[in-house]
Amino acid sequence: MKLAAAAQMRELDRRAIEGYKIPSIDLMERAAAEVAQAALDALPDKPGKCRAAVFCGAGNNGGDGIGAARLLFLTGLKVRVFLVGDYGRLTPDAMEETGRLSECGVELEAFDPEDKAQAAWARSCQVVIDAVFGVGLSRDVAPESKFAAAVDLINACRGTVIAADIASGVEADTGRILGRAVRADRTVTFTLPKIGQAAGDGALFSGEVAVCGIGVPAALVRELPCPVQTVETDFARAAVPPRKPGGHKGDFGKVLMVGGSMGYTGAPYLAASAAVKSGCGLVYLGVPESIWAVEAAKCVSAMPFPLADRRGRLSRRALPELLERLEPCGVLALGPGLGRDEDTARLVREVLEKAEKPVVLDADGINALEGHIDSLDSRRGRITILTPHGGEFARIGGKAAGDPVGAARAFAKEHGCILVLKGHRTVTAGPEGNVLVNTTGSSALAKGGSGDALAGLIASLLAQGASPVMAAAGAVWIHGRAGDLAAEALTAYCVTPGDVIAAFPKVFSELQGNRT
């Protein structure tokens with residue numbers, strides 16, 4: 001699904017109003033109706049027995065809230081509408097909605113942070129509507145302002161909080177929290193979802209997001225170029241290469257997995273297991289000679305072999321054999337459990353510079369680039385997929401700082417790679433500037449080893465024939481979905497990376513349409 005920026009939404013509205021001659025007040029009325037319906041759906045009892053508090057700003061977002069208040073009042077709800085802002089700055093459409101509300105006998109009340117009666121009313125309501133700030137907010141909410149007080153009061157309310165278009169305080173283009181923000185239970189967003197509702201902290205503050213049409217012509221929406229999109233089930237399904245009915249193991253890809261060190265024997269095993277479990281035909285696992293016996297005892301389907309090591313970690317002396325072993329393989333996955341050692345880091349950098357095959361670089365393979373980003377730049381024109389978490393990203397010069405989408409896009413374009421920036425909503429960015437935001441996963445994946453399983457899954461799909469970006473973003477979705485299924489059975493507390501891998505069959509069955 002497309003994710004829009006604030007400027008794009010303003011342009012869509014402008015073109016609908018000017019090009020299609022749709023009155024702006026009509027768009028506002030439809031938006032108000034969607035918000036009001038969401039509020040009615042959230043009520044625990046009949047409207048006549050419930051209360052609603054509506055917090056509005058002076059802009060068009062506030063007009064949406066004022067219109068929703070009128071519609072709720074007409075259903076029988078007891079409604080009070082608090083204006084957080086200056087009456088004299090109401091937009092023309094918001095002023096029109098105010099007049100229509102007044103005709104029903106309900107007046108705007110100036111919000112007063114010191115008014116205990118207002119606060120008591122809001123806290124007593126079964127539903128609270130946030131229409132203070134729209135998608136245009138781009139500066140922090142002043143901490144001592146009435147706007148901040150309104151946000152705090154909304155967050156203190158027991159009733160269901162519904163945000164009109166976007167939760168106030170969430171930056172639409174990034175998901176950054178602008179000082180403070182409303183924690184919505186539901187967000188009714190208009191025409192298209194916004195980047196900040198799917199990525200960054202904004203995804204946590206938006207609650208359940210419902211996308212509602214308000215009359216902007218579908219042709220305008222279809223024509224809108226959106227370099228940022230979400231990864232949904234259909235995308236993941238397309239990322240899984242079909243199986244030849246008469247195929248043999250050589251038809252389904254060969255992966256060389258390289259990693260491990262003394263004390264970190266689980267990581268390469270998990271990565272190799274994920275590659276095998278997701279359909280890869282042959283998985284070879286190169287590990288330091290000192291831990292080879294451990295890996296050989298663990299592995300049944302993957303094929304471990306020893307590489308030259310130095311004090312329990314891979315040595316540069318392993319380079320010739322590593323490159324030789326890579327020759328018949330389609331993909332190299334490098335990094336899980338390597339450990340941080342200068343000799344090993346130099347090996348990683350030399351492999352990156354010499355290997356022509358696609359590389360999935362994970363964990364300490366990424367850390368080896370700290371201060372040596374030129375080794376990554378040397379691979380421009382070759383396929384390289386990096387899978388850092390925030391700390392690893394920072395070590396190689398990335399600056400996520402509240403804008404994971406923008407940071408991932410900038411890094412991928414600058415270094416000619418595919419970047420999988422792991423987080424609450426993992427972001428996959430390609431070198432052309434397109435970004436895919438994942439929609440699966442939870443805190444069940446916040447365990448050591450989860451990233452190793454993801455690296456193995458990416459390498460597997462890539463080796464089986466998926467395009468690099470499809471392999472990366474599709475694997476992230478599958479990995480997250482497997483974590484969700486495992487959490488349903490075991491709770492987020494008890495899920496292990498092994499449980500995630502064990503849930504792969506259920507996910508692949510879903511993607512094939514064979515639900516079990």
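Hydrogens, waters and symmetry mates play no part in the numbers below; they use all other heavy atoms, side chains included.
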Colleague: Determine whether the side chains of Asp309 and Ser315 contain a donor N or O and an acceptor N or O closer than 3.5 Å.
Modeller: no

Colleague: Output yes when Arg313 and Asp343 qualify as a salt bridge under the 4.0 Å nitrogen-oxygen rule, no when they do not.
Modeller: no

Colleague: May I ask you to decide whether Glu223 forms a salt bridge with Arg15, counting only side-chain N to carboxylate O separations under 4.0 Å?
Modeller: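 Looking at Glu223 and Arg15, the cut-off is met.
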
Colleague: Any salt bridge between Arg316 and Glu342, counting N to O under 4.0 Å?
Modeller: no

Colleague: Would you please test Ile166 and Phe205 for side chain to side chain contact (heavy atoms under 4.5 Å, CB included) and show each step?
Modeller: CA-CA 9 Å; Ile166 193 165; Phe205 280 71; over 6 Å; no

Colleague: Determine whether Lys194 and Ser206 satisfy the following criterion, side chain to side chain donor-acceptor pair (under 3.5 Å), listing intermediate values before the conclusion.
Modeller: CA-CA 11 Å; Lys194 317 308 182 280; Ser206 298; over 6 Å; no

Colleague: Going by an N to O cut-off under 4.0 Å, is there a salt bridge joining Asp234 and Arg237?
Modeller: yes

Colleague: Out of the candidates Asp362, Leu347, Val287, Asp364, only one should pair with Leu338 under the side chain to side chain contact (heavy atoms under 4.5 Å, CB included) rule; please name it.
Modeller: Asp364

Colleague: Does Glu488 pair with Lys506 as a salt bridge, N-O distance under 4.0 Å?
Modeller: no

Colleague: State whether the side chain of Asp130 and the backbone N or O of Val132 hold a donor-acceptor pair below 3.5 Å, judged by distance alone.
Modeller: yes

Colleague: We want to know whether Thr440 and Asp484 form a side-chain donor-acceptor pair, criterion being a heavy-atom distance below 3.5 angstrom.
Modeller: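 There is no such pair between these side chains.
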
Colleague: Looking at Phe305, is Arg325 sitting on its ring face, NZ or CZ under 6.0 Å from the six-membered ring centre and within 45 degrees of the normal?
Modeller: yes

Colleague: Working to the nearest 0.5 angstrom, can you tell me the gap between Leu285 CG and Leu307 CG?
Modeller: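 Atom-to-atom, Leu285:CG and Leu307:CG are 9.0 Å apart.
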
Colleague: Counting neighbours of CD on Glu289 that are heavy atoms of other residues, nucleotides or ligands and sit closer than 6.0 Å, is the number greater than 12?
Modeller: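 12 or below, so no.
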
